[in-house]
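Structure below; questions to follow.
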Amino acid sequence: MSAPHGSPGPVTADDVREAVRLAVAALRGAEAADWDAKAGSLEWSCRETVEHLADDLFAYAAQLGARGGPSDTEVPFVWRAERPGGPANVVFADRSAGPAGLAQVLETCGALLTAMVRTTPASVRSHHVFGASDPEGFAAMGVVETLVHLHDVAEGLGVPWEPDAALCDRVLVRLFPDAPTGTDRWPTLLWATGRGELPGHASRTRWRWYGVPRGDGER
């Protein structure tokens with residue numbers, strides 16, 4: 001589907017909750033798959049990628065909650081990788097809990113971010129490496145992480161995954177002001193994050209988003 005007409009509206013806590021809900025449902029439908037398979041084009045396994053996604057959502061929630069410390073750094077948790085080349089996380093799932101436990105870890109971290117986005121005043125700005133952002137920005141980041149990493153995992157597990165075009169449009173408008181309009185929204189989000197081709201546009205080997213809120217400076 002192409003972009004809906006008119007303004008897509010803000011990215012909200014409900015968007016985070018829905019993206020994570022759909023992701024968890026997809027994962028719970030693939031419990032018999034090989035979770036040690038490579039996740040799409042990543043160098044991580046499907047299991048590691050879901051852990052990384054859960055860790056992203058947890059970290060974004062934590063950043064929104066950090067009001068009294070330095071405003072230009074990440075919250076100083078201990079980040080570690082379980083193997084050379086694996087993702088460095090704070091959050092890991094107990095392997096003995098299996099895929100169901102892994103999905104529960106993702107669901108819980110998504111709920112933390114949903115709650116923080118819903119309850120944090122819009123005036124709050126929290127650190128991110130791409131610029132201080134507001135609750136809507138962190139919501140959009142969490143949605144993008146969820147949608148594109150589920151794409152990676154779905155390729156590895158062999159399950160279908162195609163999120164709602166309107167949701168893709170909202171995060172594209174919020175975080176990727178340089179993305180083309182009038183194109184199918186899900187392929188455009190994959191293109192914007194270096195995961196696919198878009199007719200008439202060069203493939204991206206490097207990419208970033210722009211989380212600084214409108215009106216806070218140049219994007």
Side-chain angles (χ1 to χ4, degrees), residues 11-65 74-75 77-119 135 138-168 170-171 186 189-190 193 195-196:
V11 185
T12 68
D14 287 340
D15 289 329
V16 178
R17 181 182 62 185
E18 181 65 5
V20 174
R21 184 189 70 79
L22 294 172
V24 169
L27 297 180
R28 285 178 173 156
E31 292 188 0
D34 179 6
W35 287 79
D36 289 321
K38 185 178 173 182
S41 62
L42 303 182
E43 294 301 321
W44 302 334
S45 71
C46 292
R47 177 183 177 81
E48 288 174 329
T49 303
V50 175
E51 285 183 328
H52 166 76
L53 170 57
D55 191 79
D56 281 337
L57 302 180
F58 167 83
Y60 294 159
Q63 288 303 125
L64 285 173
E74 295 178 343
V75 179
F77 295 107
V78 174
W79 308 81
R80 63 178 179 84
E82 289 194 320
R83 66 169 181 85
N89 299 342
V90 173
V91 173
F92 294 92
D94 183 349
R95 182 174 283 270
S96 68
L102 181 61
Q104 187 177 41
V105 168
L106 175 60
E107 183 176 48
T108 302
C109 290
L112 291 174
L113 180 57
T114 298
M116 289 304 299
V117 170
R118 196 182 303 281
T119 59
F138 279 97
M141 295 177 214
V143 170
V144 170
E145 297 278 10
T146 301
L147 301 186
V148 302
H149 279 315
L150 252 291
H151 166 77
D152 301 329
V153 172
E155 285 195 337
L157 297 180
V159 298
W161 176 252
E162 183 170 355
D164 176 67
L167 178 58
C168 295
R170 287 195 289 279
V171 296
W186 175 226
L189 183 58
L190 291 175
T193 56
R195 286 171 168 81

Heavy-atom distance under 4.5 Å between the side chains of Tyr60 and Glu145, does that happen here? yes
Least distance between heavy atoms, Thr146 atom then Ala23 atom: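 Here Thr146 and Ala23 meet closest at CG2-CB, 3.8 Å.
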Do Leu22 and Trp161 touch side chain to side chain, with heavy atoms closer than 4.5 Å?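 The answer is yes; the side chains approach within 4.5 Å.
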If we ignore angles and hydrogens, is there a donor and acceptor under 3.5 Å between the side chains of Asp94 and Ser96? yes
Over all heavy atoms of both residues, which pair between Gly86 and Ala81 is shortest? Give the atoms and the distance, please. O-CB, 3.6 Å
Over all heavy atoms of both residues, which pair between Leu150 and Ala26 is shortest? Give the atoms and the distance, please.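 Nearest heavy atoms, Leu150 then Ala26: CD1-CB, 4.4 Å.
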Got a donor-acceptor contact below 3.5 angstrom from the Gln63 side chain to the Val75 backbone? yes
Taking it one step at a time, do Leu167 and Glu18 satisfy side-chain contact (heavy atoms from CB on, under 4.5 Å)? CA-CA 10 Å; Leu167 178 58; Glu18 181 65 5; 5.6 Å; no
Do other residues, nucleotides or ligands put more than 12 heavy atoms under 6.0 Å from the CD atom of Gln104?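 12 or below, so no.
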Evaluate the side-chain proximity of Arg118 to Asp14: yes if any heavy-atom separation is below 4.5 Å, no if none is.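 They are in side-chain contact.
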Side chain proximity check, Trp186 to Leu147, heavy atoms < 4.5 angstrom: yes
Find the distance between CG (Asp36) and CZ (Arg95) and round it off to the nearest 0.5 Å.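 Rounded to the nearest 0.5 Å, the CG-CZ separation comes to 5.0 Å.
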Test Glu74 against Trp79 for side-chain contact (heavy atoms from CB on, under 4.5 Å), laying out the working first. CA-CA 11 Å; Glu74 295 178 343; Trp79 308 81; 4.3 Å; yes
Please report the closest heavy-atom contact between Gly110 and Val20, naming both atoms and the distance. CA-CG2, 4.0 Å
For the OG1 atom of Thr108 and the CG atom of Leu113, what is their distance to the nearest 0.5 Å? 13.0 Å
Assess whether side-chain contact (heavy atoms from CB on, under 4.5 Å) is satisfied between Leu157 and Leu27, documenting all intermediate values. CA-CA 9 Å; Leu157 297 180; Leu27 297 180; 4.3 Å; yes
If every non-hydrogen atom of Met116 is compared with every non-hydrogen atom of Leu64, which pair is closest and at what distance? CE-C, 3.8 Å
Closest heavy-atom pair, Gly85 versus Trp44, reported as atoms and distance to 0.1 Å, is O-NE1, 3.1 Å
If you measure from the Lys or Arg side-chain nitrogens to the Asp or Glu carboxylate oxygens, is any gap between Glu107 and Arg28 under 4.0 Å? yes
In Å, rounded to the nearest 0.5 Å, how long is the span from NE2 of His151 to CG of Leu189? 10.0 Å
Using atom types as modelled, flag every donor-acceptor pair under 3.5 Å from a side chain in residues 45-57 to any protein atom, sequence neighbours excluded.
{"from": "Ser45", "atom 1": "OG", "to": "Arg47", "atom 2": "N", "distance (Å)": "3.4"}
{"from": "Ser45", "atom 1": "OG", "to": "Glu48", "atom 2": "N", "distance (Å)": "3.0"}
{"from": "Arg47", "atom 1": "NH2", "to": "Ala93", "atom 2": "O", "distance (Å)": "3.0"}
{"from": "Glu48", "atom 1": "OE1", "to": "Ser45", "atom 2": "N", "distance (Å)": "2.9"}
{"from": "Glu48", "atom 1": "OE1", "to": "Arg83", "atom 2": "NH2", "distance (Å)": "3.0"}
{"from": "Glu48", "atom 1": "OE2", "to": "Arg83", "atom 2": "NE", "distance (Å)": "2.6"}
{"from": "Thr49", "atom 1": "OG1", "to": "Ser45", "atom 2": "O", "distance (Å)": "2.8"}
{"from": "Glu51", "atom 1": "OE2", "to": "Ala93", "atom 2": "N", "distance (Å)": "2.9"}
{"from": "His52", "atom 1": "NE2", "to": "Asp56", "atom 2": "OD2", "distance (Å)": "3.0"}
{"from": "His52", "atom 1": "NE2", "to": "His149", "atom 2": "NE2", "distance (Å)": "3.3"}
{"from": "Asp55", "atom 1": "OD1", "to": "Val90", "atom 2": "N", "distance (Å)": "2.6"}
{"from": "Asp55", "atom 1": "OD1", "to": "Val91", "atom 2": "N", "distance (Å)": "2.7"}

Is any side-chain heavy atom of Leu106 closer than 4.5 Å to one of Leu102? no
